[in-house]
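Taking it in order: structure first as structure tokens, then the write-up.
Just so you know, these numbers come straight off a predicted model, no measurement behind them. Order of the sequence lines fixes the chain letters, A, B, ..., with proteins taken first and strands second; residue numbering starts at 1 for each chain.
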Amino acid sequence: MSESAIEEVADWHGFAMDYSIEDGAKNILRNRRQSNVNVDAIHDLPVDDSEMAPAQLYATESGRLFHSGKIAIVTVGLPARGKTHVTVALTRYLRWLGVKTRAFHLGDYRRAHLGPGKDVPHDYFHINASSEAVKLRQTILQKCRLDLYHFLDYEKGQVAIYDAVNPLAEGRRQLAKEFAKHDIQTIFIESYVNDDSIIEENVRSVKISSPDYAGWDADKAVAHYIKRINDKIPHFETITPAEKDLNYIKMINAGQRYEVNNCRFGYLPNRIVFYLMNLHIKSRKTYFARAGISGFDTTYKADAPLSEQGVAYSERLREALIKHREDEHSQFLSQGGNANEIRSLAIWTSTRVRTVQTAEPLQREGYAVREKTQLAQLNPGDSEKHTDEELRKIMPSHWEEHMLDPYHHRYPRGESYHDLAVRLEPIILELEREKQDLLIIAHESVLRVLYGYLMACSTVDIPALMFPRNEIVEIIPESYNNKSRRIKIPNTNAKGEYVP
Amino acid sequence: MIGHIFWMDSSEGENGDELLHVTYGTNAHDETQVDDSQICVVMVGLPARGKSLIAQKIVRYLKWLSINAKSFNVGSYRRADTPQPNAEFFNTGNTEGERMRRAAAEAAVSDMLKWFGEGGHVAILDATNSTKARRTWIKGQCDAKGYECLFVESRCDDPDLVLSNVLSVKTSSPDYVGQDPEDAVKDFMARIRNYEKVYQSIGDEEQVTFVKLINVGSQVVINAVQNYLQTRIIYFTMNLHITPRSIWLSRHGESQYNVEGKIGGDADLSVRGYAYAQALPELVAKSVGDAEITLWTSTMKRTIQTAHHLKYPKKQWKALDELDAGVCDGLTYEEIEEKYPVDFRARDDDKYNYRYHGGESYRDVVTRLEPIIMEMERGENIMVVTHQAVLRCIYAYFMNVPQDQSPWMEIPLHTVIKLTPRAYGTQEERFKADIPAVSTFRAKYASANMGAGSEEATENSGAPTEAPAQVDGVADAATTEAKDAIIASAVAANDVAKERGIEVNGDMLVTE
């Protein structure tokens, strides 16, 4: 294995990089792909667009919300502690709330500066580094900082998340001082782990899945990776109460404990703690599936049970999902995976009869099903039972508004997608909490909004997302961005009917 | 000149308590029901650490969000047998005192478990629970029934903070009613010392879910959280503080739309509305004094114009905009009754949940106000100039008004309401400007177009109107007298309630 290949793996988030490395950090930031609903848009730019804020409660002229000014969130922690995961997840959540947030991964800048295949000097992270290494470090830092200031000062940015190791107490003090000069409040978020098994598990699940470790014995690869990190960054000072002047959140052992210091300066810091309390670093899959079709009365109020076709569909859904998971599991085991790491499946439905019944075949297999009231579909209000053409005639002004902004428009007595997103916010936090793989069986409107959260879709995209009944949508989380794919349900058409 | 009234919110030991619990007993509208788990929030800490305040606020917040919650105050159980114990009662060497305090705790826990059995969602066990042994016992009781325990410890090392809490809160405790305040403080400090002898902060070896709020949240330690609802409760407690402060609420001055009887819109103030805006600095100064306050308005013209002459730092919040009346925006009640008769009636049937065509319901407004409430809890002196429906929701939160009543409360124009949160409830004072304004209040099922029950056309000329228990005269004297009378009547009401076997919570300050 070449040194540079190891660097890719050993780096802060040396995985899931789906964009090409180009010259210059700025180019990288400017040239990333734009939103596509099948691709997680969490790193898309620019973000100064209200379309990127599905659950925004209100807007302000300055673009800043919740009574807060400019905030820098600075991560602290060695590699393989879940820093990048926290950075990306927080970015996703804050943007969802309407807070203009951007992640600045120092690793991106380092790679961009060095160019493909080049590694930093061996003493780059050392306290007594050579002057060249220090100079290189400062150059790279400078580029990242300039972009960060530009975002906060000129792009209506509110929260910049600065993803780096920040290993030394003195360095953190200096950083907070420098940000304060720019009228930026700093919150440090340390991800601290003193339970070796958590580090090993994290390395095993996300760091050594790279092709660079293909063919390695898993235990040896983990040991190799951890040793490399320790050699590379020998000096690391965890945040202690001695740093009492800093605003910090210290997460210990992946959510077992949180120590919060001096975070009483606005709505956002506590909100962030709230979110972090629900976040975990385990990687698990989310599946979305539609409920089967019901009988003749399909109205919202009727809440009708499944038709015969719907019952048959629920059986095919069960079969397709279980087969898919079994195939994956046997592949995982054949590649030397540990059977203990195979996750079980949790199922959520709404309280609507159709969704509950659609889960029944899986429930009979022994999977636990939880009904959640908040997963109830978008209330169509007076638009129910009308075709688009009819609505155009019956309530032309509403129809027109709906065409112009289907996300925010609300039919009389009904809910808009925006209402639904705000209502689903508790579900978002519970979704982050869930540790098993999770199947959500719900109405298309609900799936659209939840998918919109996980894939950072814009409010323009969300009302148009398609969830045909012949597919299960699978979201595969990765630290840097999420991926989605679709699992076909055999012998089924888009309406959920049987086709031979 | 200034109508000045002073009373406590309805949950605080009034007979209304019974009604409140009935009202919140069922959750017909389950949208905010966040979890299936039933949680016992166990307060931990020495006396005078703000435990009752936190307990009371958790209950109020959860109820406001339609989650069935109730506080069980061990002190009120003990008080049934020992209404006014001295510090010696709390001495660890006092076996009789120890026995009685244990009996009170057992009675409270037993009632709490019964309440869980009847479908209660979040119970707060408000007591010192200062020993590991006591906590282990409570956890055992809850574990046996499958209820989760979340320990909330309030720790404070700042002696000044503790003393000010003792002075401001404890001397008005039912335990010390009628006693010399100085003796009361002395005795209470002795009681705290007795507790300090046995107090054990929650240790890691207890292996429990906890949040420790140290020095009013300047440090927070959170351990082993189990589910979403727990995180939500912890999040809320992190935003609380005990710094004395007040909240001033005012509607905007009378607007052109008010004069024309129209709802909604974004109209300018009327002439009388401008007069109110001009009178506001003096009216507010009387109540605020030199205190630093922050002024919040909505983004609508009538609130911004109303606040124009007030020289305080200002913030505009979109979330404070008036309830969106959808298709009815800009109509008079007469026009609504005429054009949408079914809706007009449907709204009266269930005003809290009724959503205007293309607009909002009170429930919707509560949802969007949640960040505002959180920010108000977090903040200090705040004045809010906003709109009728929004003020009703904010007022309902602070004064614990049930959902079937809050949309019907009268919040008159040209009046500043001052709310001062205390451990035993929220105090209210009203300051009325001597500037006439129309009343925009319409009683339930009142026809919109004429006399009976309708106040659309009546002028509210500055004379005392419907405001309950209005006390004119020198503010301070009225305050003290009214306060004493209220405390006395609250204590009496508690005794009556106790005899009838009704839980009384909230006003009980001293717990063990």
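Once rounded to the nearest 0.5 Å, the distance linking CD1 of A/I249 with CD1 of B/I222 reads 9.0 Å. One finds the CZ atom of A/R271 at 12.0 Å from the CE atom of B/M238 (value rounded to the nearest 0.5 Å). Atom CD of B/E377 sits about 12.0 Å away from atom CG of A/N270, to the nearest 0.5 Å. To the nearest 0.5 Å, atoms CG (B/N223) and CD (A/E259) are separated by 9.5 Å. Put simply, OG1 on B/T231 and CG on A/L279 are 11.5 Å apart, with the number rounded to the nearest 0.5 Å. Atom-to-atom distance recorded for B/I214:CD1 and A/N261:CG is 9.5 Å, nearest 0.5 angstrom.
The minimum heavy-atom distance between B/R355 and A/E415, with the atom names listed, is NH1-CG, 3.8 Å. Heavy atoms only, all atoms of each residue included: B/Y235 and A/M277 are closest at N-CE, 4.1 Å.
Counting heavy atoms of neighbouring residues, nucleotides and ligands inside a 6.0 Å radius, atom CD of A/E400 does not exceed 12 of them. Remark: B/H308 NE2 is loosely packed, at most 12 non-hydrogen atoms of other residues, nucleotides or ligands lying under 6.0 Å away. Taking a 6.0 Å sphere around CG of B/D349, one finds it holds more than 12 heavy atoms contributed by other residues, nucleotides or ligands. The environment of CD in B/E205 is crowded: more than 12 heavy-atom neighbours from other residues, nucleotides or ligands sit within 6.0 Å.
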Determine, stepwise, if the pair B/E370 / A/E425 fulfils side chain to side chain contact (heavy atoms under 4.5 Å, CB included). CA-CA 12 Å; B/E370 203 263 358; A/E425 211 233 308; over 6 Å; no
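A salt bridge links A/R257 and B/D204; the closest N-O separation between the charged side-chain nitrogens and carboxylate oxygens is under 4.0 Å.
Below 4.5 Å, heavy atoms of chain B meet no heavy atom from residues 239-247 of chain A.
Side-chain contact between A/F274 and B/Y228 is present, with heavy atoms from C-beta onward closer than 4.5 Å.
Chain B forms the most heavy-atom pairs under 4.5 Å with one residue out of A/N262, A/I252, A/N278, A/L429, and that residue is A/N278.
Residue contact with chain A, scored on non-hydrogen atoms closer than 4.5 Å, is absent for B/F236.
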